[in-house]
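Computed over heavy atoms, backbone and side chain alike; hydrogens, waters and symmetry mates excluded. Along the sequence shown, residues carry numbers from 1.
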Amino acid sequence: MGKQLERDLGLPAVTAISIGAMVGSGIFILPGLAMKMAGPAVVFAYFLAGVLVLPAALSKSEMATAMPEAGGTYLYIERAMGPLFGTIAGVGTWFSLTFKGALALVGGAPYLVLLFDLPVTPVALTVAALLIVLNIVGAKQTGRMQIAIVAVMLAVMVWFIVVGAPGVENARFEGFFDSGFEGILGATGFVFVSYAGVTKIASVAEEVENPDRNLPLGILGSLIITAGIYVAIVTVMVGVADEAALTNTETPMQVAASTALPTVGVAAVVVAALLALISTANAGILSSSRYPFAMSRDGLAPDIFENVSDRFETPVNAITITGGVLLLLIAFVPIDDIAKLASAFKILVFILINVALIAFRQGSIEAYDPSFESPLYPVPQLVGIVGGVVLLRYIGFVPLVGAVVITIGSMMWYYVFVYRRGGVAREGAMTDALRRSVGRDVVEQTESEVKTDSHEVLVAVTERTTSAVERSLIDLATDVARTREGGVRVAQFDEIPDQTPLPHSASTLTEADQAFEARMADRATNSKIPIRYGEVVSHDTRHAIVNYAAEVDADTLIIERSPRSGPLSSSDADWIEDHASCDVIEVSNFDHDAVERIGVVTDEGPFDPTKVALADALATAVGATITFYFPVSKDVPESRRNTTDDYLSELVALCESPVETQVLESSTEDTIELAASDSDVLVVSGVQRDLVDRLFSRGADPVTAGTEHGTLIVYGVSQPGRLRRAVERRLF
């Protein structure tokens, strides 16, 4: 038995870790800056931010109980939405945590300056460099004082609230909503990063005792406690200090404390701020450096980030590049832009977390079995997604552009570094959910096609059509019409020179016309379904066929297709297919009486409903067996194989005739050749242009050589567009 982690983190520890991951720059730095945007309504902004964080907390609580050993926002999103979105989430989370670390150092330096007369930026850079070195040398030593730091911070905050509350002046809250809708939403997005650490405990979920209970309670409890503390502290800050004093200082907590607490209390606030901000900065470096490390391990980033120091046993390269970005931010980016960018990236990631949960719920990932389920699904997730999008709109131009640039840059990185190099053999639950949705849609269309009633089938022949071909075309039309309780109409199209008047030719029955009518009269007499017939005279046969099909409102048109010379050439058949207002079945070398095995070849996606309906009608009429051939790659994900099997099972259930399925680990070409060699007749779609060209190209071809009794090419009038076809091929 392999090594396992002891589950020794109870509910108090889970709650403490989660609170410690949140409390920091969000309350010691941001209230004054946020007050510039929202005025006294900054209190409501903190409350609203907590509410909009709640859906992501619920979503991640559920995913953490389903995958307690996985941990990490990046991994959840990657498994739910696939490598592309995993790349976006990994890069976005890395930037968010790096910006949060920079914010803590830039905002914490002024508190240190209160104790020592030192320049702010050099102090922040020096502390950052020390933390980077500390993380490289050994991050284990950095977490031992976390609980003590949280305890000190909470004690000081509660002291501030209890002592300061009696001094709150109601007059300072006048004009609470004067900043308007835009100001409040802007401030809400600005302080969103204050709650960024709420789900951090999920990364160590494997060490949590009774995770199905303690994880959601710890995450949600810590969010409620932290939001309550934030709202209470900001209320006291606004109520005891002048607005100008709060908005024009880099240490708003110290300013408010100086009016509400004694000197020792102010000193305690400064010490607590320093502890919290240094802890936050260190956690930011530690956490953010793990994202390029994890992405490298998953094949989404260069191997260089996966290197672990033999001496220190830490991912040196990942920590170094994270630290480098941190130093650049401290040196060159204003604090309010750092805060906005940190919030923007965190909002983007939380949106993806909510989408990820929906993907897991709608997909068919068998391993996804959470012990805790988000209540009222999917309402909280939809609120979180919409709320996040709205906040991105109001958070400001710079962070919005930053989020867009990072998203586009992540997509380009994935395309250049991952996709063009062969990609990774994984797909997300969202892909599977979309595949199942498309599959259900196609099955419904197929069911509609199979069960269509009152179907009018038109058979188009010419004077040059042989009696054997004519008979096989009518037999096929009869099969289609019988299963759909419809009728058959047979029309012989006579083409005359342009110089010959049409009325004159229409009034003259040639010897061929008389023979045609005699054959049709016998056929109609012996048929169990109605057969109507007649001749159509025109100067252009292909135009006449299309016009006549529209005139009689035919549902299906059946024609013979010849590769070169013949009643209808390949070019004529192509033109008819492009212009007909109904389904078209092109028949080549078809022997109706010899059909026992019907092969239906995939369209590199779901099977065309019209093609399935035709195969079932023919098989039911002649007592044949249908075989659906579906190729898959050898490294196809299990979820894709499961969904494909379910789709084929539903397809089989729709057919009245005996059906077999073959899911083959081979290329489409190899599958086509196998289907041709094993079948008496091959049913393909007109959308399979490459195959159609091969069927009617010159020279020997394994398809035409292998199929003994012909090919039926189906052109459905309601064929999906190019975009839908591309999506279907990508999914299946």
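Within the structure, ring pair (Phe, Tyr, Trp, His ring centres under 6.0 Å) contacts touching residues 221-250 (residues at least two apart or in different chains) are Y46-Y230, Y195-Y230. Screening residues 387-412 for ring pair (Phe, Tyr, Trp, His ring centres under 6.0 Å), with sequence neighbours left out, gives F181-Y394.
Aromatic ring centres of F176 and F44: separated by at least 6.0 Å.
Two residues are said to be in side-chain contact when any heavy atoms from C-beta on lie closer than 4.5 Å; E62 and L357 meet this criterion. Residues V266 and Q254 form a side-chain contact, since some pair of their non-hydrogen atoms from C-beta on lies under 4.5 Å apart. Contact of the L274 side chain with the F28 side chain is not registered, since no non-hydrogen atoms from C-beta on lie closer than 4.5 Å.
Between the side chain of S343 and the backbone N or O of G189 there is at least one donor-acceptor pair closer than 3.5 Å.
For T259, the side chain to side chain donor-acceptor pair (under 3.5 Å) criterion is met by no residue, not counting sequence neighbours. By the ring pair (Phe, Tyr, Trp, His ring centres under 6.0 Å) test, F85 is found to be paired with no residue, residues two or more places apart in sequence or in another chain being considered. Residues passing the ring pair (Phe, Tyr, Trp, His ring centres under 6.0 Å) test with W159: none are found, sequence neighbours excluded.
To the nearest 0.5 angstrom, L220 atom CG is 5.0 Å from L58 atom CG. One finds the CD1 atom of I29 at 11.5 Å from the OG1 atom of T249 (value rounded to the nearest 0.5 Å). To the nearest 0.5 Å, atoms CG (D242) and OG1 (T247) are separated by 9.5 Å. With values rounded to the nearest 0.5 angstrom, I88 atom CD1 is found 9.5 Å from I77 atom CD1. Remark: L185 CG to L48 CG distance equals 6.5 Å, nearest 0.5 Å. In this structure, the separation between CG on L54 and CD1 on I224 is 7.5 Å, given to the nearest 0.5 Å.
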Show me the donor-acceptor pairs within less than 3.5 Å that the side chains of residues 376-390 make with the rest of the protein, sequence neighbours left out.
residue: Y377; atom: OH; partner: Q362; partner atom: OE1; Å: 3.4
residue: Q381; atom: NE2; partner: S59; partner atom: OG; Å: 3.0
residue: Q381; atom: NE2; partner: S374; partner atom: OG; Å: 3.1

